[in-house]
There are 2 protein chains.
Amino acid sequence: MKKYFEILQKCSLFNKIEEENLISMLDCLGAKIELFDKKYTIFAEGNPAKYIGIMLTGSAQIVRIDYYGNRSILSNVEPTEVFAEAFACAGLPSLPVTVIANEPCEVMLIDCNHILHTCTNNCVFHQQLIFNLMKDLASKAIMFQQKIEITSQRSTREKLMAYLTIQAKKADSNRFDIPFDRQELADYLEVDRSGLSAEISKLRREGIIENHRKHFILL
Amino acid sequence: MKKYFEILQKCSLFNKIEEENLISMLDCLGAKIELFDKKYTIFAEGNPAKYIGIMLTGSAQIVRIDYYGNRSILSNVEPTEVFAEAFACAGLPSLPVTVIANEPCEVMLIDCNHILHTCTNNCVFHQQLIFNLMKDLASKAIMFQQKIEITSQRSTREKLMAYLTIQAKKADSNRFDIPFDRQELADYLEVDRSGLSAEISKLRREGIIENHRKHFILL
DNA sequence: CTCCGTTTGTTGAAATTTCAACATATTTAT
DNA sequence: ATAAATATGTTGAAATTTCAACAAACGGAG
């Protein structure tokens, strides 16, 4: 557990919790670490929504396949980020999404009930943990709201530009890499891949962007 | 304040908090009540995201107008529901949405900082309040996720059916009223109003639904 | 009850998106 | 290094959505 301290320290869930307290707390919470290979399913749709995940190394995608077989990507999960917490905290009986590893991953899993119901030891830092979880859930709601902001644009071009603008802001630079390949970006923006490729070419010809694969420059 | 007790009791934020404690707590939080007429702006985009709103009577819509002038409706707010809490809790500098009264409204406003930072009186129920807020934020995230699930459908018909199916489930009946007129439903589903009307007529002709204005029956 | 403003439904043309098919580029495996 | 697999770009046809314009239905005020 100790070797992950640097990563966990950056995790919003453990804000203001010191190393020694963190380690005993993780013990108290029954936190466990699991490994997943590329393309493996970390959580499957329909599974009980019991665990909160924390990405330690590697990355994953939150995905939903609808009734008609269309894949929709909800978000990308990078190291230090928490995932599936909203479903667990809201007490959903089962997960409405699937989480799939993009690459080999180390994931910390914590039973959400151990966080919500203060342990018998009554760890001093439990209240801080719940407060942090609340903050994290607020950010998660904002993240969803932002995705709605992007996909509520009516055309492929507008969705793409809204997405790229936000990415540039995040990277604090007009040059950045996106975490999606073309098909994935299309599934995130909820548009057709070939139409997306065509739109990217068009923006490039118009001198609005430069791009090669996952790398973009906004001009 | 006391006359609103029955409504507040049903508000998820005050779960497990008894009447006498609730009233002193609201005082401690500096809760205030404001009235808004139909079509009035309760919160405007760009305002500081400071207050959490609780709808006491009436209803409102959470709306965003984008760069191109398209209106997108994020959600509808009914009595006992909390709104704008995600933006306030996440500490956004300003609101990315506007909240507009559908009809005359009574709204309770609470400065979010008073909730997040335990008061000097150190109310006994403050921890419960934060716990309730966390639960509420989790539900809000799920609500956004559900909206994404609906609007990620590729066609107007699929979006509409996904929406109606969820409404039927909510009403626990195949007969129900929706809180949107046609233009509003179109702005919620992120489609064109006339195309939506056409699709509703088509579903009606095909015997899949019955409908008159805001009333729907799923067959 | 009637008038008037609003909402809903309808239509056809224009624009856009999707789909399928294939060419090219890039990466991976052997 | 080469072959195979995967990812990206391109294209034209088909399907769908948007847009504008108008007709019909509805609801509230007087």
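Residue numbers begin at 1 in each chain, while the letters A, B, ... track the order of the sequences. Everything numeric here is computed off the predicted structure, so don't read it as measured data.
- Residue I209(B) contributes atom CD1, which lies 14 Å from atom P of dT8(C) at whole-angstrom precision.
- Comparing dT26(C), dG9(D), dT18(C) against the side chain of R204(A) picks out dG9(D) as the nearest.
- Nearest nucleotide to the S194(A) side chain, out of dT18(D), dG9(C), dT11(D): dT11(D).
- Taking every side-chain heavy atom of S155(A) into account, dT17(C) is the closest of dT17(D), dT17(C), dT11(D).
- Atom CD of E6(A) has 12 or fewer heavy atoms from other residues, nucleotides or ligands within 6.0 Å.
- Residues V63(B) and S72(B) have side chains not in contact (no heavy-atom distance under 4.5 Å, counting atoms from C-beta outward).
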ask   = Given I148(A) and T151(B), is the side chain to side chain contact (heavy atoms under 4.5 Å, CB included) satisfied, shown in steps?
value = CA-CA 9 Å; I148(A) 291 173; T151(B) 56; 5.7 Å; no
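- Rounded to an integer number of Å, the gap from CD of E199(B) to P of dT17(D) is 7 Å.
- Phosphate proximity of dC26(D) to R213(B): absent, as no side-chain N or O sits under 4.0 Å from OP1 or OP2.
- Taking the centre of each ring, Y188(A) and Y163(A) come in below the 6.0 Å mark.
- Across all strands shown, T156(B) has heavy atoms under 4.0 Å from sugar-phosphate atoms exclusively, and none from any base.
- To the nearest angstrom, C1' of dA21(D) lies 11 Å from CZ of R193(B).
- When rounded to the nearest whole Å, the span between CD of E158(B) and P of dA15(D) equals 16 Å.
- Within 4.0 Å of D192(A), counting heavy atoms only, lies at least one base atom of the nucleic acid.
- Atom NZ in K202(A) sits roughly 12 Å away from atom P in dA15(C) (whole-Å rounding).
- If you measure from atom CD of E184(A) to atom P of dA7(D), you get 8 Å, rounded to the nearest angstrom.
- Taking only side-chain atoms of R154(A), from C-beta outward, the nucleotide of dG9(C), dT18(D), dG9(D) with the closest atom is dT18(D).
- Across the interface with DNA chain D, nearest-nucleotide mapping of V191(B) and I200(A) shows I200(A) to be the residue nearer the 5′ end.
- We find that CG of N211(B) is positioned 15 Å from P of dA25(D), with the value rounded to whole Å.
- Of the listed nucleotides (dT10(C), dT7(C), dT11(D)), dT10(C) has the atom at the smallest distance from the side chain of S201(B).
- Between I178(A) atom CD1 and dA7(D) atom C1' the separation is 13 Å, expressed in whole Å.
- In this model, no donor atom of one side chain and acceptor atom of the other lie less than 3.5 Å apart for E199(A) and T156(A).
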